Amino acid sequence: MPENTPQQDLRQNRQNAPRVRFAPSPTGPLHIGGIRTALFNYLFARKNNGTFILRIEDTDRQRYIPGTEEYIIESLRWCGIEIDEGVPAGGPYAPYRQSERKDIYRRYAMELINSGHSYIAFDRPEELDKLRKEKEQEGKVFQYDHTVREGLNNSLNLSSTEVEKMLAGNVPHVIRFRMPENREIVINDIIRGEVRVNTSTLDDKVLFKADGMPTYHLANVTDDYLMKITHVIRGEEWLPSLPLHVLLYEAFGWSDTMPEFAHLPLLLKPGGQGKLSKRDGDKLGFPVFPLDWKDPSTGEISSGYRESGYLPEAFINLLALLGWNPGTDQEIFTMEELIRNFSLERVHHSGARFDPEKARWFNHQYLIAEDDSRLAEDLRMIILEKGFDADTEKLKRICSLVKERTAFVHEIWEQASFFFERPQSYDEKVIMKKWKESTPELLANIARLLEKTEPFDAERLGFEVKSYLEKEGIGTGNAMIPLRLALVGEGKGPDLFSILELLGREESIARIKLATERIKA
Ligand code: GLU
């Protein structure tokens with residue numbers, strides 16, 4: 001066997017027990033794209049006996065929204081994504097909330113200044129705004145980079161005594177990365193292959209802000225290093241940050257242990273036109289959040305998959321297939337099967353279009369396969385709210401009878417509400433077509449038959465009613481449709497004899513009587 005290159009060895013070692021992290025910022029509820037990122041990290045970790053870490057990246061205090069950390073944790077729990085390490089589980093690299101790690105970042109930022117990779121910039125925001133506007137007037141974009149840094153108010157141009165004095169006087173400042181000029185950065189992304197960027201197009205990003213907090217870039221890279229992350233699996237929107245991250249690893253001298261990168265494709269709107277964004281929530285007629293979210297400042301509620309009636313297993317399944325392809329025709333996967341089959345190599349790089357009809361189809365598949373006892377319990381919650389109740393056996397029978405026609409438990413209620421309340425009205429079109437002058441008498445005869453049918457179950461009832469119709473030479477449609485109309489109020493629905501059985505003798509006969517009194521042919 002040919003020997004591995006050191007790079008291949010490193011790769012293999014990492015595959016043995018990878019450490020991955022999901023690193024959301026608590027700046028709002030997680031969008032389904034965020035949950036998909038968490039899921040792909042989780043699947044990758046479980047497949048390779050690795051560790052799945054939840055790190056909360058809360059250094060942007062201005063965009064911080066209370067309640068979102070709890071929302072993220074609850075969303076992962078609902079989806080069955082177990083956190084091995086991090087918030088809230090803890091672990092050997094705690095704390096895992098970046099706001100609690102401020103001192104660490106300052107130390108590393110200072111290290112970069114000392115090694116000449118960073119500098120302190122004292123430019124006031126209004127000065128930079130002025131420069132921005134001037135450039136705009138020339139039809140150009142201002143960038144704090146190698147072309148302008150020498151003329152600006154920073155430690156590269158000021159004497160060390162001036163810098164000391166300003167720092168001692170608490171003059172607000174930021175720390176910027178000194179982006180090297182004209183270097184070709186080549187990175188191998190697991191999903192996208194080779195990514196090349198020339199550093200001359202990049203600006204001197206802020207690493208440490210005037211408020212004493214690091215920016216995303218510094219905190220993210222430092223923590224990935226300190227927490228021994230082996231694979232960074234995240235959304236495509238972070239791809240432009242990748243060259244800076246690679247240069248940060250290099251500047252710190254951490255290139256040997258730099259993680260591998262995999263940037264996941266965007267989730268696109270159903271029409272394929274553009275990215276599915278948080279703002280699309282409910283506008284497009286389907287949820288974009290895993291759970292309901294109530295905006296703490298406006299009180300506005302955006303709907304979630306859980307509250308819309310999705311089963312977590314269905315939600316996970318549909319998310320997994322947004323961007324990942326198992327290489328077979330199989331579409332229904334349990335979490336175990338996803339774990340067994342998942343690989344980053346089978347994630348595609350073109351955007352994954354969200355299809356709400358397909359999402360519904362997935363839920364339907366899981367609903368019909370679902371144990372009737374679990375569905376019965378969910379249905380019980382709905383019927384209790386409506387002021388009804390029924391025993392578990394009856395609820396189970398109802399669920400098994402109508403679930404084929406539904407995708408959600410609340411649709412089971414819509415299909416089955418007639419079991420609990422008598423019809424308030426009768427479908428006019430069905431009356432016009434099928435309610436004849438002779439119908440009341442026919443139904444009265446059927447009612448008499450029901451009086452004496454023993455046992456009162458679907459099988460026996462079917463036999464008795466059909467034999468009677470045959471004997472009398474009455475077409476089934478002419479009898480069954482009016483009978484259904486009397487019991488249900490509509491011309492369509494599940495098996496009629498099961499309906500009779502579940503309604504019971506007394507109620508069925510009462511409904512027939514009521515209908516013949518109310519409906520005028
Ligand atoms: N905090 C970033 C986010 O909100 C993390 C991006 C990354 O995974 O590097 O998505």
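As the structure lists them, so they are numbered: ligands from 1, and atoms in each ligand from 1. One is the number of the first residue; the rest follow in order along the sequence. The structure displayed is predicted, hence computed values, not measured ones.
Among the candidates Arg183, Arg178, His217, Lys205, the single residue satisfying the side chain to side chain contact (heavy atoms under 4.5 Å, CB included) test with Leu247 is Arg183.
Residue Gly193 comes nearest to Asn188 through the heavy atom pair C-OD1, 3.5 Å, listed as atom of the first residue, atom of the second, then distance.
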Ring pair (Phe, Tyr, Trp, His ring centres under 6.0 Å), that's the test. Do Phe252 and Tyr108 meet it? Break it down for me. CA-CA 8 Å; Phe252 281 121; Tyr108 282 101; 5.6 Å; yes

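In terms of protein heavy atoms, atom 2 (C) of ligand 1 is closest to Ala23 O, 3.3 Å. Annotation: atom 4 (O) of ligand 1 to nearest protein heavy atom, Ser25 OG, 3.1 Å.
A cation-pi arrangement is absent between Arg149 and Tyr119, since the terminal nitrogen or guanidinium carbon is not both under 6.0 Å from the aromatic centre and inside a 45° cone about the axis.
Aromatic ring orientation, His117 versus Phe177: parallel (interplanar angle below 30°, classes split at 30° and 60°).
Against a heavy-atom cut-off of under 4.0 Å, Asn220 is close to the following atoms of ligand 1: 7 (C), 9 (O). Close approach of ligand 1 to Glu57 is summarised as follows: ligand atoms under 4.0 Å from at least one heavy atom of the residue are 1 (N), 2 (C), 5 (C). For ligand 1 and Tyr216, the ligand atoms under 4.0 Å from any heavy atom of the residue are 2 (C), 5 (C), 6 (C), 7 (C), 9 (O).
By the 3.5 Å distance cut-off applied to N or O atoms, Val232 is not counted among the residues near ligand 1.
Tyr305 and Trp78 have their aromatic ring centers separated by at least 6.0 angstrom.
Heavy atoms of Arg21 come nearer than 4.0 angstrom to ligand 1 in at least one pair.
Contacts between Phe22 and ligand 1, counted as non-hydrogen atom pairs separated by less than 4.0 Å, are absent for every part of the residue.
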